[in-house]
*Asks:* 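Handing you a structure now.
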Amino acid sequence: MTSTSPREDTRAGTPSTAHPVLRVRDLSAHVAGQQVVEHVDLDVAPVDVTALLGRNGVGKTSTIKAVLGLVGRSGTVELDGTDLVTLPTHLVVRRGVGYVPEDREVFAGLTVTDNLRLAERRGSEHRYDLVYDLFPELEQRGAQAAGTLSGGQQQMVSLARALLNENRVLLVDEPTKGLAPRLVQEVSRVLARAAQVAPILLVEQNLQVVRDLAEHAVVLTDGRSVHHGPAADLLADEELTQRLLGVHADTGPDSAPRRADDEEGPA
């Protein structure tokens, strides 16, 4: 095995050398009494993007939710050295953890503007200038019900809500899922800009997006972290990528087809 744990990895540029903003050790999580994450260690450096990778169903989304406290958890979750594992989700968020969920989860019956206003965090600067610079279409569609937007536009709303407040770290789950190639590129561009504002822990199936964005990579297998290291090194190693992700480095995990459904639906 060529992988190392974050505590053992001493190569320059890895999260372990930079006092991570988010430090997770021996994280376990359960949903409805069933254990879904058994042992996860990961670090998120104070800059750049850390990719959380793995085959479908290995616990990537459950790990993100466990960090937030959305599912039962045990272990260590530290933000800037402060333990979060005993805190409820709303206090985790107030500490500066932004979240972009896998399925967007916009408030469909509310307008775009109201979706953003609901995301405003008390005591935080509200960065509408940044949001509308990144997503000028959202300002134009402010009075439109979010449920009538296309899938790509709803993803913009979801990303904008997380970027509206000052955060210490962003947890972004499958942001390009189901998007047309043109919009995948747009989301990738936005995430690159967002990473200049706050470090990102990114769950992503599209390995080209990972290649473009991620400095570090953590791979999960069966609810456990089994590989940590530079993302470029992982994706350059065809044998390792095939063994850990079940794909060649130039395809997506499990070779799952992507639905280009963003052009459909009401606009």
Side-chain angles (χ1 to χ4, degrees), residues 21-22 44 46 49-50 52 61 63-71 77 79-80 82 84 87-179 183 186-204 213 262 265-267:
V21 63
L22 182 68
V44 176
V49 175
T50 298
L52 185 60
T61 292
T63 296
I64 293 286
K65 289 183 174 180
V67 170
L68 283 162
L70 290 170
V71 298
V77 178
L79 181 70
D80 292 325
T82 300
L84 304 179
L87 298 181
T89 299
H90 71 281
L91 293 183
V92 172
V93 171
R94 286 183 188 176
R95 296 270 182 169
V97 180
Y99 176 44
V100 180
E102 178 181 5
D103 294 316
R104 300 153 191 162
E105 297 182 10
V106 300
F107 295 99
L110 299 181
T111 66
V112 170
T113 297
D114 285 341
N115 268 267
L116 295 177
R117 285 175 177 165
L118 281 176
E120 292 179 358
R121 186 184 304 149
R122 185 179 303 175
S124 173
E125 177 187 357
H126 304 138
R127 299 179 297 194
Y128 280 98
D129 287 348
L130 171 64
V131 165
Y132 290 142
D133 180 45
L134 290 172
F135 307 110
E137 190 172 0
L138 296 187
E139 187 171 20
Q140 299 163 11
R141 294 179 180 267
Q144 185 173 338
T148 66
L149 299 174
S150 70
Q153 291 162 344
Q154 290 185 23
Q155 186 64 73
M156 293 178 191
V157 174
S158 188
L159 286 165
R161 291 184 308 193
L163 293 172
L164 185 64
N165 301 294
E166 292 182 334
N167 286 301
R168 293 293 298 127
V169 65
L170 297 174
L171 311 180
V172 183
D173 194 359
E174 298 267 20
T176 69
K177 180 180 177 181
L179 298 185
L183 287 163
E186 177 65 12
V187 168
S188 184
R189 180 190 68 81
V190 168
L191 289 174
R193 175 83 177 273
Q196 298 174 4
V197 177
I200 296 173
L201 179 61
L202 174 68
V203 174
E204 180 54 63
L213 293 177
D262 187 72

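All of these numbers come straight from a predicted model, not from anything done at the bench. Throughout, residue positions are numbered sequentially from 1 according to the sequence presented.
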*Asks:* Testing the basics here: between Ser188 and Leu213, what is the closest heavy-atom pair and its distance to 0.1 Å?
*Replies:*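 The answer is O-CD2, 3.5 Å.
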
*Asks:* Determine whether Asp103 and Lys177 satisfy the following criterion, side-chain contact (heavy atoms from CB on, under 4.5 Å), listing intermediate values before the conclusion.
*Replies:* CA-CA 8 Å; Asp103 294 316; Lys177 180 180 177 181; 3.5 Å; yes

*Asks:* Could you name each residue pair satisfying salt bridge (Lys or Arg N to Asp or Glu O under 4.0 Å) that touches residues 145-162, not counting sequence neighbours?
*Replies:*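 Not a single pair qualifies under salt bridge (Lys or Arg N to Asp or Glu O under 4.0 Å).
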
*Asks:* Here's a test for you: under side-chain contact (heavy atoms from CB on, under 4.5 Å), which of Val97, Leu22, Asp80, Val44 qualifies with Arg168?
*Replies:*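 Going through the options one by one, the only one that passes is Asp80.
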
*Asks:* Which pairs, with at least one residue in residues 132-179 and sequence neighbours excluded, count as a ring-ring contact (aromatic ring centres under 6.0 Å, His included)?
*Replies:*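 Qualifying pairs: Tyr128-Tyr132.
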
*Asks:* Answer yes or no: is there an ion pair linking Glu120 with Arg117, defined by an N-O contact shorter than 4.0 Å?
*Replies:*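 Between Arg117 and Glu120 there is no salt bridge, as every charged N stays at least 4.0 Å from the carboxylate O atoms.
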
*Asks:* Just by modelled atom types, is the Val203 backbone N or O under 3.5 Å from a matching donor or acceptor in the Asp173 side chain?
*Replies:*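 Not confirmed, Asp173 side chain does not pair with Val203 backbone.
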
*Asks:* Does Thr148 form a side-chain contact (heavy atoms from CB on, under 4.5 Å) with Arg141? I'd like the steps, not just the answer.
*Replies:* CA-CA 11 Å; Thr148 66; Arg141 294 179 180 267; over 6 Å; no

*Asks:* Quick one: CG on Asn115 to CD on Gln144, what's the gap to the nearest 0.5 Å?
*Replies:*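 Asn115 CG to Gln144 CD: 11.5 Å, rounded to 0.5 Å.
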
*Asks:* If we ignore hydrogens and angles and just use 3.5 Å, is the side chain of Glu174 paired with the main-chain N or O of Glu102 as donor and acceptor?
*Replies:*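 The answer is no, because no donor-acceptor pair under 3.5 Å joins these two groups.
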
*Asks:* To the nearest 0.5 Å, what is the distance between CG on Leu116 and CG on Leu138?
*Replies:*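 Going from CG on Leu116 over to CG on Leu138, the span is 6.5 Å.
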
*Asks:* Do side-chain atoms of Thr89 reach the backbone of Gly69 as a donor and acceptor pair under 3.5 angstrom?
*Replies:*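 Indeed, once roles are kept as given, a pair shorter than 3.5 Å links the two residues.
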
*Asks:* When you measure from the side chain of Ser158 to the backbone of Val100, do you find a donor-acceptor pair of N or O atoms at a distance under 3.5 Å?
*Replies:*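 Side chain of Ser158 to backbone of Val100: no pair is present.
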
*Asks:* Are Leu170 and Val197 close enough, and set up right, to give a side-chain contact (heavy atoms from CB on, under 4.5 Å), and what steps lead you there?
*Replies:* CA-CA 10 Å; Leu170 297 174; Val197 177; over 6 Å; no

*Asks:* Could you tell me the separation between the CZ atom of Arg94 and the CG atom of Asn167, rounded to the nearest 0.5 Å?
*Replies:*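 Rounded to the nearest 0.5 Å, the CZ-CG separation comes out at 14.0 Å.
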
*Asks:* Of all heavy-atom pairs between Ala143 and Thr113, which one has the smallest distance, and what is that distance?
*Replies:*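 So the minimum-distance heavy-atom pair works out to N-OG1, 4.5 Å.
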
*Asks:* What's the spacing between Glu186 CD and Thr176 OG1 if we round to 0.5 Å?
*Replies:*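 Going from the CD atom of Glu186 to the OG1 atom of Thr176 covers 13.0 Å.
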
*Asks:* Shortest non-hydrogen contact from Ala119 to Asn165?
*Replies:*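 That closest heavy-atom pairing would be O-ND2, 2.7 Å.
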
*Asks:* Can you name the closest pair of heavy atoms from Val21 and Pro199 and give their distance?
*Replies:*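 Closest approach of Val21 to Pro199: CG1-CG, 3.7 Å.
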
*Asks:* Tell me the closest heavy-atom pair linking Ser124 and Glu166, and the distance in Å.
*Replies:*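 That closest heavy-atom pairing would be OG-N, 3.0 Å.
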
*Asks:* Going by heavy atoms in the side chains, are Val92 and Leu79 under 4.5 Å from each other?
*Replies:*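 Side chain of Val92 against side chain of Leu79, heavy atoms only: no contact under 4.5 Å found.
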
*Asks:* If I take atom CG from residue Leu171 and atom CD1 from residue Ile64, how far apart are they, to the nearest 0.5 angstrom?
*Replies:*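 Here the rounded value is 4.5 Å.
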
*Asks:* Only pairs at least two apart or in different chains count here, so list each salt bridge (Lys or Arg N to Asp or Glu O under 4.0 Å) that has a residue in residues 121-135.
*Replies:*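 Found Asp133-Arg193.
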
*Asks:* How long is the gap from OG1 on Thr111 to CG on Asp114, to the nearest 0.5 Å?
*Replies:*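 Atom-to-atom, Thr111:OG1 and Asp114:CG are 3.5 Å apart.
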
